[in-house]
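Reckoned from all heavy atoms, side chains included, excluding hydrogens, waters and symmetry mates. The structure presented is a predicted model; accordingly, all values stated were derived computationally and were not measured.
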Amino acid sequence: MTPTPRGRRRAAPLDARKQPVQRRSTATVDAILEAAARILEHGGFTGYTTNAIAGRAGVSVGSLYQYFPNRDALTAALIERESAPLLAALEQAGVAASCEMALLGLIRASVAHQMQRPVLARLLDFEEERLPLGERDARIGDRIHATLMRAFSLPDAPCLDDPSTAAFDVFAIVRGMVDAAGARGETDAVALEARATRAVVGYLWRSETPR
């Protein structure tokens, strides 16, 4: 065990204590996570406590602690749950038949992830920055980069001097626009998707490099 330096608090564990295996326990965890999501959506971090979450889920706080050692572990699990549809959409974009289809799939997935439950997505963005999620948080970025690299190898892809850097840039463009729209409280997914698409197309298919 690595010792904790004096004066520094050990980071709280973020892994669930145990994984539900029976239908009843799965339903209990689902209820806890949904209760946490609704408390965040309706009141933000005010009142976002394990006692309040357990009460809203209709379980005892002891039952909650059977699965999650602390509130941060519960929040990490909620981030995982909310990220699952995005990862599934990225899987589909990753096997698209054309670069255009892959880019549109990636942009649409990113916008949908933000817009499906915009208040919750915005608050979880804050928590992702705060929590030491490490490899878990990097996984989506790595998946997006891999998806873009495959897209750039397809016949209709733009001619790029440095595809890897372009993939990082496209990720930054889309994430920046989507996050900024979420921070403003924007709810028009169609308009955001169109703007992000124009930005990405303009970057990738620019006719010449400015002098």
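Sorted by first and then second residue, the side chain to side chain donor-acceptor pair (under 3.5 Å) pairs with a member in residues 146-156 form an empty list; sequence neighbours excluded. Judged as a ring-ring contact (aromatic ring centres under 6.0 Å, His included), not a single pair has a partner in residues 106-130 (not counting sequence neighbours).
Residues Ser110 and Arg175 form no side-chain contact, since every pair of their non-hydrogen atoms from C-beta on lies 4.5 Å or further apart. No side-chain heavy atom of Thr50 sits less than 4.5 Å from a side-chain heavy atom of Phe68. Residues Glu100 and Leu103 are not in side-chain contact: their nearest non-hydrogen atoms beyond the backbone lie 4.5 Å or more apart. Within the 4.5 Å cutoff, side-chain heavy atoms of Ser25 are placed close to those of Tyr67. Between Ile53 and Leu74, the closest side-chain pair of non-hydrogen atoms falls below 4.5 Å.
Among residues two or more places apart in sequence or in another chain, the side chain to side chain donor-acceptor pair (under 3.5 Å) test is passed with Glu186 by Arg184, Arg195. Ser98 is linked by a side chain to side chain donor-acceptor pair (under 3.5 Å) to nothing, counting only residues two or more places apart in sequence or in another chain. In this view, Phe168 and His145 satisfy the ring pair (Phe, Tyr, Trp, His ring centres under 6.0 Å) rule, not counting sequence neighbours. Scanning for side-chain contact (heavy atoms from CB on, under 4.5 Å) contacts around Ala189 gives Val111, Met115, with sequence neighbours left out. With sequence neighbours excluded, no residue forms a side chain to side chain donor-acceptor pair (under 3.5 Å) with Thr187. For the side-chain contact (heavy atoms from CB on, under 4.5 Å) test, residues two or more places apart in sequence or in another chain that qualify with Thr75 are Tyr48, Arg71, Ile79, Leu124, Glu127, Leu131. For the side chain to side chain donor-acceptor pair (under 3.5 Å) test, residues two or more places apart in sequence or in another chain that qualify with Glu91 are Arg143. Under the salt bridge (Lys or Arg N to Asp or Glu O under 4.0 Å) criterion, Asp30 pairs with no residue at all, not counting sequence neighbours. In this structure Ala194 satisfies the side-chain contact (heavy atoms from CB on, under 4.5 Å) test together with Arg198, sequence neighbours excluded. Taking the side-chain contact (heavy atoms from CB on, under 4.5 Å) definition, one finds that Ala121 meets it with Gln114, sequence neighbours left out.
Without hydrogens or angle criteria, Ser63 side chain to Val59 main chain gives no donor-acceptor distance under 3.5 Å. In terms of modelled atom types and a separation under 3.5 Å, the side chain of Arg206 and the main chain of Tyr203 share a donor-acceptor contact.
The CG atom of Leu78 sits 5.5 Å away from atom CG of Leu120, with the distance rounded to the nearest 0.5 Å. For the atom pair CZ of Phe171 and CG of Asp142, the computed distance is 9.0 Å after rounding to the nearest 0.5 Å. For the atom pair OG1 (Thr197) and CD1 (Ile173), the distance works out to 11.5 Å, reported to the nearest 0.5 Å.
With salt bridges taken as basic N to acidic carboxylate O contacts below 4.0 Å, one links Glu34 and Arg117.
Other residues, nucleotides and ligands place no more than 12 heavy atoms under 6.0 Å from the CG atom of Asp161.
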### Message
Working note: Asp179 + Arg122, criterion salt bridge (charged side-chain N to carboxylate O under 4.0 Å, His left out); need CA distance, chi angles, decisive distance, verdict.
### Response
CA-CA 8 Å; Asp179 287 354; Arg122 189 163 64 252; over 6 Å; no
